Structures are given as C-alpha cells and as structure tokens.
Amino acid sequence: MRPARAAERSGIGQQLAAVLFDFGGTLDGALPWKERMFRFLRAEGVEVTPERFDPLFYRADDALVGAIPDTLSLRETVDRLAAGVGVALGLSDALVEQVARRFVEDTTRCVRENLSVLSALARRYELGIVSNFYGNLPRVCEDVGLRPLFNVIVDSTEVGCTKPDPRIFQHALAKLGLQPDAVTFVGDSLPRDMAGARGIGMAHIWLAGETTSPPRACCADDRVIRSLGELAGLLL
C-alpha cells in the first residue's frame, strides 16, 4: 500500500509525509514516567498516596531540566530522578537503586516491543520526536535503540519551550521542511500532545493506554489507540 493510500485509510489526510511522537509514555510504553515510578515504588512496599507522590515527583523532575549534561544516559537520568524522589520520601539508597533498575528495564522492554511497528513506519514516512525532556533526549534515544529510526529529535530543554507551545511543534516541522497538514502527532497527553498538535492544525492520534473507561478524544474525528502496535492498522 502506498503512503497516500495508508494516510487516506487512516482518515488523517491523503498527503501524510511524517509522523511525530512524544517520548515518555508513548514510545517507551503507554505509561508516563510519573506513573511508572509510582508503580515500582508501591511494588517495593513504599506506602505513598498519589496525592503525596505527585508533587514530590514533579519537583524531582523539574530539578533535572537543563541541569544535566546532554550526554547523560538513560540509566544515569533515571538514577538522578529516583534519587530526588527517594530523598523526598526518606528511602534507603538500596531501595532507590532497585526502583531505578526496574524502571530502566521496563522502559527498555517497552521500547523494544514497539521497534517492529516503528521500523515499518520509518520505511514509509519520516519520523520525529517532540518531547518535554531534560536536554539529553538524543542520548536516551540512542541508549534504547530508537535514534536511527528518527529524522528529527526535539527536546524542549534544547529549544527553550515546552508542549503545548506551538513553537516546539513548529521547530520540528521546520527541520522536516513540512507543513502541519502533512504530519500527524502521536502522544499520550491530552493537554500537552493533543492540544498542542490541534493548536497548529496538525492531525493527532491519542495513545490512551490502560484507561479503564472508554477514552474520549479531544476532537470528534480523532483516532484513539491503546498501544503503538495499533498504528499498523491506521498508517501501514
């Protein structure tokens, strides 16, 4: 099937040339980093409520933005993130190390499960990443084997703006030399990914993940998927 036919079948448009993705919670599995960290802490017996955990995670997360070298690996990044959360919760170094290890193993496993569909998409479209990250996203993508598949990797810290700001999407489009109507965006966040893509007139596919109730898209004609594997039926 030619790309134009695949795009027409998806309902996205007949001239689809590229697909952009979020990273955390999308390419590495339909689970945001906050939720992944929370689950592994609870699995290790840490008794903490989401109401207490969420602000602690966000503080540890924010502390890394622009404060780490662009060469920092995935494991080192997660180590620092887990350490920040661990200090806030008064956890032992051994427990923090265990959570970080499980976090990285799960992230890597999820990426590997998505490589087949991403490789197929890369043979048909240009691919890119637009992510709110710490400044080292290209290195992290290299660690998990994603970097060769992507023509463009846009890290919010490097460009100085975050989703849903239209400028971060426009930065990716400029690098690809494409207009919004030739691209679709795939992400897990309604307020950041879907709203941001909608704001510049870009089609968008919501990765709703494990939501228990039927997911409601932000726009009437949006596609909603539970896993990246479902993109094969939409775009290939």
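Side chains included, hydrogens not; waters and symmetry mates left out as well; all remaining heavy atoms used. If you're wondering where the values come from, they're calculated on a predicted model, not measured in any experiment. Residue numbers start at 1 and run along the sequence shown.
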For the backbone of Asp188 and the side chain of Trp206, can you confirm whether one donor and one acceptor N or O come within less than 3.5 Å of each other? yes
Please test Leu121 against Leu236 for side-chain contact (heavy atoms from CB on, under 4.5 Å), starting from the C-alpha separation and ending with a verdict. CA-CA 7 Å; Leu121 289 169; Leu236 296 174; 3.7 Å; yes
Starting at [atom1] of [X], measure out to [atom2] of [Y] and round the result to the nearest 0.5 Å.
{"X": "Phe53", "Y": "Lys34", "atom1": "CZ", "atom2": "NZ", "value": "7.0 Å"}
{"X": "Met37", "Y": "Arg42", "atom1": "CE", "atom2": "CZ", "value": "15.0 Å"}
{"X": "Leu178", "Y": "Glu126", "atom1": "CG", "atom2": "CD", "value": "6.0 Å"}
{"X": "Asp54", "Y": "Glu35", "atom1": "CG", "atom2": "CD", "value": "8.5 Å"}
{"X": "Met194", "Y": "Met202", "atom1": "CE", "atom2": "CE", "value": "10.0 Å"}
{"X": "Glu158", "Y": "Ser131", "atom1": "CD", "atom2": "OG", "value": "11.0 Å"}

So, Asp28 and Arg36, do they make that salt bridge, N to O below 4.0 Å? yes
Could you check whether Arg59 pairs with Asp62 (Lys NZ or Arg NE/NH1/NH2 to Asp/Glu carboxylate O, under 4.0 Å)? no
Can Tyr134 and Asp155 be counted as having a side-chain donor-acceptor contact under 3.5 angstrom? no
Taking atom types as modelled, is there a side-chain donor on Thr77 or Asn136 under 3.5 Å from an acceptor on the other? yes
Identify the heavy atoms of [X] and [Y] that sit nearest to each other, and give their distance.
{"X": "Ala203", "Y": "Ala197", "answer": "O-CB, 4.4 Å"}
{"X": "Gly209", "Y": "Ala30", "answer": "CA-CB, 3.6 Å"}
{"X": "Pro180", "Y": "Gly201", "answer": "CB-O, 3.9 Å"}
{"X": "Ala100", "Y": "Ala82", "answer": "CB-CB, 4.1 Å"}
{"X": "Leu127", "Y": "Leu118", "answer": "CD1-O, 3.6 Å"}
{"X": "Ala208", "Y": "Val224", "answer": "CB-CG1, 3.8 Å"}

Evaluate Arg101 against Gln98 for side chain to side chain donor-acceptor pair (under 3.5 Å), listing each step before the verdict. CA-CA 5 Å; Arg101 181 186 62 78; Gln98 172 72 354; 2.9 Å; yes
Scan for side chain to side chain donor-acceptor pair (under 3.5 Å) pairs involving residues 138-153, sequence neighbours excluded, and state none if there are none. Arg139-Asp143, Glu142-Arg147
Pairwise side chain to side chain donor-acceptor pair (under 3.5 Å) hits with a residue in residues 85-94, at least two apart: none
Take Leu235 and Arg124 through the side-chain contact (heavy atoms from CB on, under 4.5 Å) test and state the conclusion after the steps. CA-CA 9 Å; Leu235 303 178; Arg124 186 158 292 187; over 6 Å; no
Verify the cluster assignment for [X] and [Y]: are they in a single hydrophobic cluster under the rule of side-chain heavy atoms below 4.5 Å apart?
{"X": "Val99", "Y": "Leu74", "result": "yes"}
{"X": "Val144", "Y": "Leu228", "result": "yes"}
{"X": "Leu41", "Y": "Val87", "result": "no"}
{"X": "Ile129", "Y": "Leu31", "result": "no"}
{"X": "Val140", "Y": "Val65", "result": "yes"}

Give me the one residue out of Val130, Asp165, Asn132, Thr162 that meets side-chain contact (heavy atoms from CB on, under 4.5 Å) with Arg192. Asn132
Exactly one candidate in Leu137, Ile153, Leu27 meets side-chain contact (heavy atoms from CB on, under 4.5 Å) with Leu146; the answer is Leu27
If you define the side chain from C-beta out and look only at heavy atoms, does anything of [X] sit under 4.5 Å from [Y]?
{"X": "Ile200", "Y": "Gln170", "answer": "yes"}
{"X": "Glu105", "Y": "Arg109", "answer": "no"}
{"X": "Val154", "Y": "Phe169", "answer": "no"}
{"X": "Arg167", "Y": "His171", "answer": "no"}
{"X": "Arg52", "Y": "Leu56", "answer": "yes"}

What's the verdict on side-chain contact (heavy atoms from CB on, under 4.5 Å) for Leu115 and Leu149, showing C-alpha distance, side-chain angles and the deciding distance? CA-CA 9 Å; Leu115 283 178; Leu149 299 177; 4.0 Å; yes
Those residues that, when tested against [X], pass side-chain contact (heavy atoms from CB on, under 4.5 Å) (two or more places apart):
{"X": "Glu76", "value": "Leu72, Ser73"}
{"X": "Glu97", "value": "Arg75"}
{"X": "Ala60", "value": "Leu81, Val85"}

For Gln179, I'd like to know if atom CD has over 12 heavy atoms of other residues, nucleotides or ligands within 6.0 Å. no
With sequence neighbours left out, write down each residue that passes ring-ring contact (aromatic ring centres under 6.0 Å, His included) with Phe133, or none if nothing qualifies. Phe23, Trp33
Begin from the C-alpha positions of Leu20 and Leu176 and carry the test side-chain contact (heavy atoms from CB on, under 4.5 Å) through to its verdict. CA-CA 10 Å; Leu20 297 178; Leu176 292 170; 3.9 Å; yes
